[in-house]
Amino acid sequence: MLSALRIESFAIIDSLEIRFGEGLNVLTGETGAGKSILFDALSLLLGGRADPGMIRAGADEAVVEGLFVGAEYAERARALGLPVEGPEVLVRRVISRNGKGRVHVNGSLATVGMLSELLGGTVDLSGQHQHLSLLRRECHGDLLDRFGGLAGQVAVFGEAWRNWVRLDAERRRLMEEEGEREAQRDYLAFVLAELDAIDPKPGEDEALEAERKRLAEVERLRAAAAFCESVLDADDDSAADRLARAVRRLEEAAAHDDRLAPLVRQLEAALEEVRDVARSLAGYASSLSADPERLEQVDERLSALRRIARKHGGSLEAAIERRESIRRELEELSCTEDRLREVEEALEAASREVVRAAEELSRARREAAARLEQRLLPGLAALGLEGAEIRIRFEPPAGAPRFGDRAIGPRGAEEVEFYLRANVGEELRPLAKIASGGELSRILLAFKAALSSVDPVLCYVFDEVDAGISGSTALAVGRMLQEAARERQVLCITHLGQVAAFADRHLHVTKCVEAGRTVSRVRVLEEEGERRRSIARMMAGTEDGSALAAAGELLAHGRRSLPRAHRAHRRAVEGSAPRGRTS
């Protein structure tokens, strides 16, 4: 709620602080005393346009401060990155003659836009259309859903809608990527076919390089093998012949000395090794033959392997790994196609669920709309609008996707808007296009009373709600304001005693001249006698016995209208308030 409002150098107000309470707060006073200035000051706190012309003559700047108390205010301030301690939020706005105004929230600099986010939708000023949630079409659907208790249906539809949006976005993405995937698939298939045609094997290039060297040097290799064979065993006086003679000579010597026997055996083993090598060389030489055709084949194969190595990483191992990665990529592309089919099937099922949930929500909304229309009519009649008619219209959401023959958007299959016919013979018009003034205030009061249990607004502020009414209609206005104040704080500027009698807190605004300057003062009327005299003056312009008696009856009537628990709360508030202070 708005706990306090402080104003400095604003219009005819020099310095003023007002303390508001819970429930219904009424401000009364003579015309021109400055009541509506308070309304204008509050509008500034809600982000309204600043006019340097409102600065009091002789001052360089005007200051408006508001203390808002409640967990929601603190949560919003915290979400905006503003400092918060406890449930209190102090908003300060300064208007300067040079046009450079300032905004502070809990002592921290802020912007006018942040003010709108901080307080928007929590305070309704009847008469300042930019702050009236009931005049904003986008709020009507929420209010109807709240009135009808449709949170469950709204949640079901919201979940179905979010699932559909997620699947539709994925399908769009997959479809948009389809052309790219097709081109990628063709390219990868071409590269894989080239690699498969060559079919490289690990280490194949090294083996072919060795074979090529052998084929290119076959004559030299054969000559070397033949020469070595001759030296070792084929020629006269070969190494084998010399070793054989040495073995025989050493055997003869060993007959005379046993210690030479092991050496004889070593020489015999060496002789056998030499002869084995010579035989191997002979076999190797006979196996060698010039094969130009095979050499050409090896050269071609090596050229192919080197080509793919250059194209795919610089080595044969990199090319082989690339072939495997291409196979994996093609498998993934195939899986993407499968995923597209899965998404399309899931999207079809999600669409059916969206339609089903939307239809259920639409039926519930139409039932709630019929109840709300009936609930509003008695209130309008009681407020002197006997010919008024309320209609809640449903239109397909503009620009929404179509599900078969129905357009459905994120809030359902319809956009909700309140229409009103204020007088017999007039046409139904959107609530937002109703002329301002007392009629508008009473119409909004009827709406707010009907929606008081579900309206998220924390504070209603009414100006001109009593314009052009009197008698029983004025009593009905007071009773309805009192009814709305059961759920939230209500501030009302009034000229009618019938309305003021229902207040939980009565503030009286006066204008006087001090030191040659006109100033406004606000005083809380705490005592019963003070209130009775004030209401008597409002009704009859006098404080004679009959006027005081009538005022007393009105105050008694206002108390009787309160439920017992509310009366007890009111007495507690009045009993705890300081007596006779000037706010």
Side-chain angles (χ1 to χ4, degrees), residues 1-20 27 32-70 72-85 88-133 135-136 436 457-461 463 491 493 509 511 517-522 583:
M1 71 171 188
L2 175 62
S3 176
L5 182 67
R6 192 176 73 85
I7 305 170
E8 288 184 4
S9 303
F10 188 76
I12 64 172
I13 296 176
D14 178 26
S15 179
L16 184 67
E17 181 176 336
I18 311 171
R19 298 281 177 173
F20 298 104
L27 292 94
K35 301 185 297 300
S36 294
I37 295 174
L38 306 179
F39 192 96
D40 296 334
L42 185 55
S43 176
L44 285 173
L45 291 183
L46 300 179
R49 188 177 67 86
D51 181 3
M54 294 298 292
I55 300 174
R56 182 174 171 84
D60 293 327
E61 61 182 24
V63 178
V64 180
E65 288 184 332
L67 180 63
F68 295 86
V69 180
E72 182 168 344
Y73 297 114
E75 290 171 5
R76 289 192 181 194
R78 194 174 290 110
L80 291 169
L82 296 168
V84 178
E85 290 185 9
E88 296 184 341
V89 173
L90 178 63
V91 177
R92 174 185 173 91
R93 188 164 182 189
V94 179
I95 309 170
S96 177
R97 289 198 183 277
N98 60 17
K100 297 180 180 180
R102 301 185 300 280
V103 175
H104 294 83
V105 177
N106 284 346
S108 178
L109 275 173
T111 65
V112 175
M114 293 171 75
L115 274 188
S116 298
E117 291 187 55
L118 175 64
L119 302 175
T122 66
V123 180
D124 265 354
L125 300 181
S126 66
Q128 301 292 322
H129 288 204
Q130 64 270 31
H131 300 302
L132 282 170
S133 59
L135 295 186
R136 295 199 298 270
S436 61
V457 173
L458 304 178
C459 178
Y460 291 158
V461 183
D463 190 15
L491 312 182
I493 298 171
V509 184
K511 181 171 64 174
R517 297 291 302 275
T518 301
V519 296
S520 288
R521 293 285 181 259
V522 177
S583 295

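Just so it is clear, the values below take in all heavy atoms, side chains as well, and ignore hydrogens, waters and symmetry mates. Start at 1 with the first residue, then count along the sequence.
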- List the atom of Leu80, the atom of Met114, and the distance in Å for their closest heavy-atom pair. CD1-O, 3.7 Å
- Nearest heavy-atom contact between Met1 and Phe20 is CE-O, 4.3 Å
- Item | Atom pair CD1/CZ of Ile95 and Arg102 - distance to nearest 0.5 Å | 11.0 Å
- Hey, which of Val91, Asp40, Leu45 is the one that makes side-chain contact (heavy atoms from CB on, under 4.5 Å) with Val64? Leu45
- Query: Hey, mind stepping through Phe68 and Leu458 against side-chain contact (heavy atoms from CB on, under 4.5 Å) and telling me if it holds?
  - Reply: CA-CA 10 Å; Phe68 295 86; Leu458 304 178; over 6 Å; no
- Task: Please report the closest heavy-atom contact between Ala110 and Val105, naming both atoms and the distance.
- Result: CB-CG2, 3.9 Å
- Task: Measure the spacing between CD of Glu61 and NZ of Lys100 and express it to the nearest 0.5 Å.
- Result: 13.0 Å
- Please report the shortest heavy-atom distance between Ile55 and Ser96, naming the atom on each side. CD1-C, 3.6 Å
- Task: Ignoring hydrogens and angles, tell me if any N or O in the side chain of Arg97 forms a donor-acceptor pair with the backbone of Ala59 under 3.5 Å.
- Result: yes
- Query: Val509 and Ile37: side-chain contact (heavy atoms from CB on, under 4.5 Å), yes or no, with the steps?
  - Reply: CA-CA 11 Å; Val509 184; Ile37 295 174; over 6 Å; no
- Query: Could you walk me through whether Phe39 and Leu27 pass the side-chain contact (heavy atoms from CB on, under 4.5 Å) check?
  - Reply: CA-CA 10 Å; Phe39 192 96; Leu27 292 94; over 6 Å; no
- Test item: Thr122 side-chain N/O and Leu119 main-chain N/O as donor-acceptor pair under 3.5 Å: yes
- Rounded distance (nearest 0.5 Å) linking atom CZ of Arg521 with atom CD1 of Ile18: 11.5 Å
- Query: Could you give the distance from CG (Leu67) to CG (Leu2), rounded to the nearest 0.5 Å?
  - Reply: 8.0 Å
- Message: Any heavy-atom pair between the side chains of Leu109 and His104 that's under 4.5 Å?
- Response: yes
- Before accepting this row, confirm whether a basic side-chain N of the pair Arg92/Glu65 lies closer than 4.0 Å to the acidic partner's carboxylate O. yes
- Message: For a side-chain contact (heavy atoms from CB on, under 4.5 Å) check, start with the C-alpha distance between Ser15 and Glu8, then their side-chain angles and the critical distance, and finish with the verdict.
- Response: CA-CA 4 Å; Ser15 179; Glu8 288 184 4; 4.1 Å; yes
- Query: To the nearest 0.5 Å, how far apart are CG in Leu118 and CZ in Arg78?
  - Reply: 12.0 Å
- Item | Over all atoms of both residues, closest heavy-atom pair of Phe10 and Ala62 | CD1-CB, 4.1 Å
- Message: Within the 4.5 Å heavy-atom criterion, are Val63 and Arg6 side-chain neighbours or not?
- Response: yes
- Task: Locate the shortest heavy-atom distance separating Gly47 from Val112; write the atom from each residue and the value.
- Result: O-CG1, 3.6 Å
- Task: Without swapping roles, check the side chain of Arg56 against the backbone of Ser9 for a donor-acceptor pair under 3.5 Å.
- Result: no
- About how many Å separate CG of Leu42 and CG of Leu5, when rounded to the nearest 0.5 Å? 6.5 Å
